[in-house]
S.K.: 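Here it is, the structure in full.
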Protein chains: 2
Amino acid sequence: MSTDLSPSARLARQMQFIIEADKLKEITRQTLLSQSRRAENSAEHSWHFALMVMTLAEHAAGEYGQTLDVLRVIKMALIHDLVEIDAGDTFAYDTAARAAQHEREARAAERIFGLLPEDQARDYRALWDEFEAQKTPEARFAAACDRLNPILLNCLTDGAAWQKHGITQERIFERNAATITAGAPALWAYAEQIIRDTFQRGLGAAEPV
Amino acid sequence: MSTDLSPSARLARQMQFIIEADKLKEITRQTLLSQSRRAENSAEHSWHFALMVMTLAEHAAGEYGQTLDVLRVIKMALIHDLVEIDAGDTFAYDTAARAAQHEREARAAERIFGLLPEDQARDYRALWDEFEAQKTPEARFAAACDRLNPILLNCLTDGAAWQKHGITQERIFERNAATITAGAPALWAYAEQIIRDTFQRGLGAAEPV
C-alpha cells in the first residue's frame, strides 16, 4: 500500500474512481436481455460476467476442479469494461472498430485507473493488461466467461442481435471457439450446442424496445 | 465439490442459475444514476457494490489495512440481491415493507440458490445468511459498502430520491450511521460529509425519466 497519501486522501481518490465508474451503467451493448429484450449495459454485463466466474470456476481449463485464483478472475471481470466509459462498447463482430480498439481502450485505462492512488492504479492496470494479453489461466477463463455471456443472452433472445447484424453461425464459431475452449473446454461444448439449437430453430427479430 | 453429479450435469444446473440471474437486471431501485438520472437496477448496483468492495477494502473496521477475506465479501456483493428476482427491491426507508422483507427474501434464496448443484446452493446460501446476520467483519464491511453506494448516488443527484420520498437528513443518519461505522468508520465519515453538503445545498427534484 502506498504510504505517501493519508488514508483519507486515499479514500478521496478512490471515491472519485467509484463516482466515475457509475458512467459504465450508461454504456449499452448489442446484446438484449432475456426478459424485456432491452439492450444490456456494460455494468450489468460485468456483474453477470463476475457471477459466471464465481459459479463456473470448476470448469476452467486444466484438471477438472483445479484451483484457479478466482479472486483475480473476478477482479478482472469487475474492472475490465471500465475503459468503455471513454472508448465505448465495441461490437464483437465489428472488425473495423476492433482494429483500433486496444489503443483507444489503453488510453482510457490510463485515465480511469489513474484516478486511484498510484499503487491501486498499477494493480488495476496490471489486471486489465493480464486480461488483454490472454497468457494466464485466469485471463483465459475470464475471456471464456466474457464470451459465453452474450452468446447465452443471444440464444435466449432467438439470436435477434445476430440477425440484426447478419452474423452467421460460422462467424460465431470462428470468433469464439478457440478463445472459449482455451479458457474452459466444457463451456465451449455448451456454447456450441446452444448456438446450433438457436440457428436450427431459426433466428427471430428483435422486439421493438 | 459434490460427486453425485457429472461435470456436465453440474454445468447444466449452473447455467440454469446464470440464466435465472439475468432477471435481476429488470429489478429497479429508488436510486437514480448520476448521469442520465434513470432508476438504477439491482444488477448494475451489485456490480458497483462489488467494485467498491475491491477498491475500499483497506478501510474496513479494525487496524487500517488489515486483511479481510475480500473474495468472500465480493461474493456476498455479487449474490446478495438475487433474492429480489422473487421478492422485489425493498426501499431502505419503507418500514412496513421491510418488516416482512427477510422472510420473503429467505424463500427466494431457497428457490434461486436451489437451482445450483447442492454443494454450491449451500455455499451461496451461507454467504447470503452471513451477510444478513451481520456478525463477521466481512459481512459488516459488505453492508457498509452496500449502504454507502445509494447515499453516494443520491448525493450526486441532489438527493432527488430522498426529496421524492420525504426522507430527512436525520432519518438517513439514523438508518445508516451505526451500520456503516461498524463496517468501515472512514466510510461513515465520508458519507456524513456528503449528506450534510447535499442537504445544505438543498435537495432537487428528480428529472423526468
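In what follows, every chain begins at residue 1, and chains take the letters A, B, ... in the order their sequences are listed.
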S.K.: Ignoring hydrogens, what is the shortest heavy-atom contact between A/His59 and B/Pro7? Give both atom names and the distance.
M.R.: CE1-O, 3.4 Å

S.K.: Say you draw a straight line from OG1 of A/Thr55 to CG of B/Asp123; how long is it, rounded to the nearest 0.5 Å?
M.R.: 10.5 Å

S.K.: Could you pull out the closest heavy-atom pair between B/Ser46 and A/Trp47, with the gap in Å?
M.R.: CB-CD1, 3.4 Å

S.K.: Pick from B/Lys23, B/Lys75, B/His48: which one has the most heavy-atom pairs with chain A under 4.5 Å?
M.R.: B/His48

S.K.: Do other residues, nucleotides or ligands put more than 12 heavy atoms under 6.0 Å from B/Gln35 CD?
M.R.: yes

S.K.: Are A/Lys25 and B/Arg38 packed together at the side-chain level, in the sense that at least one heavy-atom pair is separated by less than 4.5 angstrom?
M.R.: yes

S.K.: Would you say A/Gln134 has more than 12 foreign heavy atoms packed within less than 6.0 Å of its CD?
M.R.: yes

S.K.: Taking side chain as everything from C-beta outward and backbone as N, CA, C, O, which of these in A/Leu33 sits under 4.5 Å from a heavy atom of chain B? Side chain, backbone, both or neither.
M.R.: both

S.K.: Between A/Asp22, A/Leu148, A/Leu152, which has the largest tally of heavy atom pairs under 4.5 Å with chain B?
M.R.: A/Asp22

S.K.: Do the side chains of A/Met54 and B/Ile79 get nearer than 4.5 Å, heavy atoms only?
M.R.: yes

S.K.: With only heavy atoms counted, which part of A/Leu51 is less than 4.5 Å from chain B, the side chain, the backbone, both or neither?
M.R.: both

S.K.: At a heavy-atom separation under 4.5 Å, does A/Gln120 approach chain B through its side chain, its backbone, both, or neither?
M.R.: side chain

S.K.: Which one of A/Leu56, A/Leu82, A/Ile18, A/Leu24 has the most heavy-atom pairs closer than 4.5 Å to chain B?
M.R.: A/Ile18

S.K.: Could you tell me the separation between the CG atom of B/Leu71 and the CZ atom of A/Arg72, rounded to the nearest 0.5 Å?
M.R.: 13.0 Å

S.K.: Is it the case that the side chains of B/Ser36 and A/Glu26 hold a donor-acceptor pair, with the cut-off being a distance below 3.5 Å and no angle test?
M.R.: yes

S.K.: Side chain from CB out, backbone as N, CA, C, O: work out which of these in B/Asn41 comes under 4.5 Å of a heavy atom of chain A, or both, or neither.
M.R.: side chain

S.K.: Side chains of A/Ile74 and B/Leu78, heavy atoms from C-beta outward: is any pair under 4.5 Å?
M.R.: yes

S.K.: Taking every heavy-atom pair that is under 4.5 Å apart, which of B/Leu116, B/Asn149, B/Val70, B/Ile19 has the most such pairs with chain A?
M.R.: B/Ile19

S.K.: For A/Phe49, which atoms come within 4.5 Å of any heavy atom of chain B: side chain, backbone, both, or neither?
M.R.: neither

S.K.: Quick one: which residues of residues 172-186 of chain A reach chain B at under 4.5 angstrom, heavy atoms only?
M.R.: A/Ala186

S.K.: To the nearest 0.5 Å, how far apart are CG in A/Leu187 and CE in B/Met15?
M.R.: 7.0 Å

S.K.: Answer with side chain, backbone, both or neither: which region of A/Leu11 has an atom nearer than 4.5 Å to a non-hydrogen atom of chain B?
M.R.: both

